[in-house]
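See below for the structure under consideration.
In what follows, chains carry the letters A, B, and so on, assigned in the order in which the sequence lines appear, proteins first and then strands, with residues in each chain numbered from 1.
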Number of protein chains: 2
Amino acid sequence: MSDELLRALDQAGVRLTGPRREIAALIAKRNGHFTAADLIADASKRRLGVGRATIFRLLDLLAEQGLVERVDLPDGRHAYVPCEPSHHHHLVCVACGAIAEVEDCGIDAVTAEASRRSGFTIDSHRLELFGRCPNCRSAN
Amino acid sequence: MSDELLRALDQAGVRLTGPRREIAALIAKRNGHFTAADLIADASKRRLGVGRATIFRLLDLLAEQGLVERVDLPDGRHAYVPCEPSHHHHLVCVACGAIAEVEDCGIDAVTAEASRRSGFTIDSHRLELFGRCPNCRSAN
DNA sequence: GCACACAATGAGACCCAGTATCAATCCCCC
DNA sequence: GGGGGATTGATACTGGGTCTCATTGTGTGC
Ligand SMILES: [Zn+2]
Ligand SMILES: [Zn+2]
Ligand SMILES: [Zn+2]
Ligand SMILES: [Zn+2]
């Protein structure tokens, strides 16, 4: 479950403290995207004594390591998605929050063309796809 | 300058009030992206009596009409970009905030392929490109 | 041009995400 | 097992954005 996250953190030379283990477990138990507020609520519901600040700090750490990625939802909320530390994008179900990963984004051609026309150099890009997962589509 | 915004609002059946005209003028005077806080600062600097709430309300309205688009900066801030109400994306200079528009995003193929593999239906997408404009690149 | 119904405004309180601070505590390595 | 530096949590704080509501301003029909 959360072993994967913990192993990756350990590998990166991060101390595996009690609170971090507990938060990692909370993340592992979630599916789809989640917000910091979700984790804070989870933690308080289970009366783990972890503070808000610690949760934000761990999320920053995980994001740095690419183990989690920030997604900006269409409504402006900031959410996180657990993911592989390689370049890819996310397909977000707007109904239930389920996530699918898009491995090869294939927009290098798009960025190259945009760069040529505009004269900008392009350092990075962000692509998010929003729709409905198979479950939510049929449940409709 | 701001006539374009005002005309579009009028066309949409929105009341052209004094505060809205003033805020539209502030937006027209900006170039590149701006945040709500920027506009609030502008307004207070010129001692226009417009309230914070009015600025947020107009931004929502403009966004609804597609006259302005929300951009999530890499650092998580929410900014706005004045733009045409047609599908397109933005190329944002991370150094000075300059904006270029990418007319044809050309990622329909990407979304179609992602949809096929994942079983999701895709309603919308968001693509943002970050880099440096020609000025900032040479100024380096 | 005038009055009226109703949308819009602004002041302020309010809420929530995220950050800063700092003394107490905990890991990890020796 | 001990020591030193990283981590933690309580708390205060900031800043973005929303809500409320009494007051004002707009467009409209006459
Ligand atoms: Zn779904
Ligand atoms: Zn990509
Ligand atoms: Zn620039
Ligand atoms: Zn597009």
Within the structure, does a side-chain N or O atom of [X] lie under 4.0 Å from either OP1 or OP2 of [N]?
{"X": "Arg20(A)", "N": "dT7(D)", "result": "yes"}
{"X": "His78(B)", "N": "dG16(D)", "result": "no"}
{"X": "Thr17(A)", "N": "dT8(D)", "result": "yes"}

query: When rounded to the nearest 0.5 angstrom, what is the spacing between CD in Glu101(B) and SG in Cys83(B)?
result: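 Rounded to the nearest 0.5 Å, the CD-SG separation comes to 5.5 Å.
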- prompt: Which angle, rounded to 10°, do you find between the first-five-pair axis and the last-five-pair axis of the helix from dG1(C)-dC30(D) to dC30(C)-dG1(D)?
  reply: 40°
Between atom [atom1] in [X] and atom [atom2] in [N], what is the gap in whole Å?
{"X": "Asp10(B)", "N": "dG27(D)", "atom1": "CG", "atom2": "C1'", "answer": "11 Å"}
{"X": "Ile40(A)", "N": "dT8(D)", "atom1": "CD1", "atom2": "C1'", "answer": "15 Å"}
{"X": "Leu61(A)", "N": "dA6(D)", "atom1": "CG", "atom2": "P", "answer": "13 Å"}

Decide, yes or no, whether a salt bridge links [X] with [Y] under the criterion of side-chain N to carboxylate O below 4.0 Å.
{"X": "Asp72(A)", "Y": "Arg126(A)", "value": "yes"}
{"X": "Glu113(B)", "Y": "Arg116(B)", "value": "yes"}
{"X": "Arg30(A)", "Y": "Asp42(A)", "value": "yes"}

- request: Hey, which sits more toward the 5' end of DNA chain D by its nearest nucleotide, Arg52(B) or Arg15(B)?
  value: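 Comparing both residues, the 5'-ward one is Arg52(B).
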Pairwise 5' ranking along DNA chain D for Val14(B) and Phe56(B), keeping only the more 5' one: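 The residue closer to the strand's 5' end, by nearest nucleotide, is Phe56(B).
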task: Take atom CG of Asp123(B) as the centre, draw a 6.0 Å sphere, and report whether it contains more than 12 heavy atoms from other residues, nucleotides or ligands.
output: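 Correct, the count exceeds 12.
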query: CG of Asn31(B): more than 12 outside heavy atoms within 6.0 angstrom?
result: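 No, CG of Asn31(B) has 12 or fewer neighbouring heavy atoms, counting only those of other groups under 6.0 Å.
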- request: Scan Leu5(B), Ile27(B), Leu61(B) and name whichever one has a side chain to side chain contact (heavy atoms under 4.5 Å, CB included) with Leu67(B).
  value: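 Testing each of Leu5(B), Ile27(B), Leu61(B) against Leu67(B), the sole residue satisfying side chain to side chain contact (heavy atoms under 4.5 Å, CB included) is Leu5(B).
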- prompt: Under a criterion of less than 4.0 angstrom to any heavy atom of chain A, what are the 5'-terminal and 3'-terminal contacting nucleotides of DNA chain C?
  reply: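 Footprint of chain A along DNA chain C, 5' to 3': dA17(C) to dC28(C).
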task: Pick base, sugar-phosphate or nothing for Gly76(A), based on heavy-atom distances below 4.0 Å to the nucleic acid.
output: nothing
message: Distance alone, cut at 3.5 Å: any donor-acceptor contact between the side chains of Thr35(A) and Asp38(A)?
response: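 Yes, a side-chain donor-acceptor pair sits under 3.5 Å.
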